[in-house]
Amino acid sequence: MTVSPCRHNLFVDRKGLYQFLEAVQQNCLKNNSMQIVSISLEIDLVDPLVILDTISQVNEINFYFENKGKGEAIAAIDSVAELHIDGSDRFSKAEYFIKNSLKNIISFGNNNKPFSGPHFFCYFSFFHQNFQIDYPFPSATIFLPRWQISVKNQSCMLVMNSVMNASVNISKLIQTLFNKIDTINSLKYHSPKIDNFPSNYQRTSVTNAAHFKNSVSSALDKIHAKHLTKVVLADALDVKASHHFNLFKSLNNLRQIHPNCYIFSTSNGKGQNFIGASPERLISIYQQQLITDALAGSAPRGKTPAEDAANANSLINSEKEKHEHSLVIDYITQRLSHIGLLPQVLPPRLRQLTNIQHLWTPISAIVPPNVHPLKIVGQLHPTPAVAGAARDIACAEIRRYENFERGLYAAPLGWVDSHGNCEFIVGIRSALIDGDRARLYAGAGIVAGSDPEKEFAEVQLKLQALLKALV
């Protein structure tokens, strides 16, 4: 990928941009080819969620990602290049697509700022093949957005990616860019309060209580018979409203209610969205430094400080919860070691969220330049935190017990840039939105010592936390 510097901090002048685009076009003409230009400009502070709500269209693919604690948010809207695939080799095909696309991208602008330059947005389904024929998302989607708006530490970056060939009208292209900047700048930075939560939803449990508890009991029998050591069983709740769900308001509620989680949303360009508030990072890589989370073992938050401390203490000292947590740590370190990384296990701690708390152990490693982020994602997914152990046996059991398609639930969603930096989360505490209908997903890890009643209660707690945010 070729990079040209931007002369100004805030806006590049039109003449300099025109000369850059003209040179690219001449090269396309000479070689009878096309290229993608990626233009990065620092702009005034805006709220990427407001931009997503304002300029995205129903028939356009998009992606939203926010971590309030890290002071960052990014919206990716429409696409100039995309790949939709199924199959067990989806991670390697996605890696090839990104590498091949980068060879044909030439960048211009301020490329030293966070979230500058081309970013590829990716989401994968839990299984490499969806059994539900009409499930609205393929098992892998990777796209380079036409528009990307991001905030990091109160700095705002706009990236436009556009196809360049011999027939492109350069003046029109530049005008499109500056018109978009004018539109974005007209939108004030937005941090609205939480919207009221309607309570008139029709709710239908996809897996009724008795079926879920029986599944847990059956899984425990297999665990006691040493068939496997853990399986994560999910439940789904179907919700119907008297109106279409408002994506912007629902996402805003999620980021207000769950400031310590990753807020995410992705659209398939056909009217369906997958959204959620995940506490679980799969991997992040910055300047070859990888961090991943072992997150397993749960307890509710207390209604009083004393009760909260007692629940935390019980969680920390529970042999059952510690065993469940250790399965995830062992799995992650083994999988990272398998591809030549040297994982370092950091001290364990508690991850305390609004209504639930988890045992949490960060794991770090240095990533060699020849190891692509998607190779690591493919190695790790699905971890015992969302599938079980042994992995293949647990996944077969999940297919047997669950009567619905997981799809994007508990699967990797995130982005990769041109330098090998990335961030992927696990799509738990999530919902598939389709007009006035939503399907909510949540799960619980079943290990020796699990109690069907308590596991069912844990899943309902997670479902209710997400349901509160939908409007």
Side-chain angles (χ1 to χ4, degrees), residues 1-3 5 38 40 63 65-67 69-74 76 90-107 109-124 142 144 148 150-153 155 157 159 262 264 278 280-295 328-347 349 360-381 383 385 412-426:
M1 187 186 74
T2 311
V3 177
S38 184
S40 301
F63 194 103
F65 207 67
E66 178 173 353
N67 185 310
K70 294 170 68 175
E72 62 185 41
I74 184 166
R90 55 193 173 145
F91 292 106
S92 58
K93 283 185 175 178
E95 177 185 340
Y96 177 80
F97 171 74
I98 291 173
K99 286 180 174 177
N100 202 47
S101 297
L102 284 171
K103 293 176 184 176
N104 204 36
I105 296 175
I106 181 166
S107 290
N110 193 337
N111 284 280
N112 297 318
K113 291 280 188 177
F115 292 123
S116 62
H119 285 58
F120 290 82
F121 294 82
C122 317
Y123 43 95
F124 301 88
I142 303 90
L144 177 69
Q148 177 186 309
S150 61
V151 169
K152 172 74 173 177
N153 298 330
S155 175
M157 184 65 62
V159 178
Y262 293 88
F264 64 88
S278 176
E280 187 173 350
R281 167 179 52 188
L282 184 61
I283 63 166
S284 67
I285 301 173
Y286 181 66
Q287 296 181 347
Q288 296 181 257
Q289 179 70 51
L290 175 146
I291 293 285
T292 180
D293 293 336
L295 196 75
V328 181
I329 295 174
D330 292 345
Y331 172 87
I332 291 175
T333 54
Q334 288 168 12
R335 300 299 287 188
L336 292 179
S337 299
H338 182 70
I339 53 174
L341 275 60
L342 300 173
Q344 302 295 314
V345 179
L346 303 179
R349 56 205 76 179
W360 171 35
T361 300
I363 299 167
S364 68
I366 300 297
V367 181
N370 64 320
V371 178
H372 193 270
L374 286 181
K375 186 177 185 66
I376 303 171
V377 171
Q379 276 290 314
L380 293 180
H381 175 73
T383 73
L413 303 96
W415 56 263
V416 182
D417 73 6
S418 58
H419 306 293
N421 302 313
C422 76
E423 182 127 43
F424 280 85
I425 57 99
V426 183

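Source: prediction; values computed, not measured. By convention here, the first residue in the shown sequence is residue 1. Values reported hereafter were calculated over all heavy atoms of this structure, with side chains retained and with hydrogens, waters and symmetry mates removed.
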CD1-CG distance between I339 and N370, expressed to the nearest 0.5 angstrom: 10.0 Å
Write down the atom of S40, the atom of G117, and the distance for their closest heavy-atom approach. OG-N, 2.8 Å
Look at the side chain of E423 and the backbone N and O of S284, then say whether any donor-acceptor pair between them is shorter than 3.5 Å. no
To the nearest 0.5 Å, tell me how far M157 CE sits from I74 CD1. 10.5 Å
All heavy atoms of E280 vs all of T383, minimum pair found to be OE2-OG1, 4.1 Å
Single hit among Y262, F124, Y123 for side-chain contact (heavy atoms from CB on, under 4.5 Å) with L413: Y123
Taking all heavy atoms of I366 and all of Q289, pick out the closest pair and write down the distance. CD1-OE1, 3.1 Å
What I'd like to find out is whether the side chain of S38 reaches to under 4.5 Å of the side chain of V159, using heavy atoms alone. yes
Are the side chains of I283 and V377 in contact, using a 4.5 Å heavy-atom criterion? yes
Side chain proximity check, P343 to T292, heavy atoms < 4.5 angstrom: no
To the nearest 0.5 Å, tell me how far C422 SG sits from F120 CZ. 14.0 Å
Please output the side-chain donor-acceptor pairs of residues 329-337 that fall under 3.5 Å, not counting sequence neighbours, one pair per line with the distance.
| from | atom 1 | to | atom 2 | distance (Å) |
| --- | --- | --- | --- | --- |
| Y331 | OH | Q379 | O | 3.4 |
| Y331 | OH | L380 | O | 3.1 |
| Y331 | OH | P382 | O | 3.4 |
| Y331 | OH | R391 | NH1 | 2.7 |
| T333 | OG1 | I329 | O | 3.0 |
| T333 | OG1 | D330 | O | 3.0 |
| R335 | NE | Q379 | O | 2.9 |
| R335 | NH2 | Q379 | O | 3.4 |
| S337 | OG | T333 | O | 2.8 |

In Å, rounded to the nearest 0.5 Å, how long is the span from NE2 of H119 to CD1 of I98? 11.5 Å
Side-chain heavy-atom pair L295, V426 within 4.5 angstrom cut-off: no
Relative to each other, are the rings of W415 and F115 parallel, tilted or perpendicular (30° and 60° limits)? perpendicular
Testing the basics here: between P114 and S150, what is the closest heavy-atom pair and its distance to 0.1 Å? O-OG, 4.3 Å
Smallest separation among heavy atoms of F91 and L374, with atom names: CB-O, 4.0 Å
So, the side chain of N153 versus the backbone of S155: is there a donor-acceptor pair under 3.5 Å, distance only? no
Answer yes or no: does atom NZ of K375 have more than 12 heavy-atom neighbours from other residues, nucleotides or ligands under 6.0 Å? no
About how many Å separate CG of L282 and CD1 of I291, when rounded to the nearest 0.5 Å? 13.0 Å
Here the pair of heavy atoms bringing C122 nearest to F63 is O-CE1, 3.8 Å
I'd like to check F424 versus I376 (side-chain heavy atoms, cut-off strictly below 4.5 Å). Are they in contact? no
Return the CD to CG distance between Q344 and L290, rounded to the nearest 0.5 Å. 11.5 Å
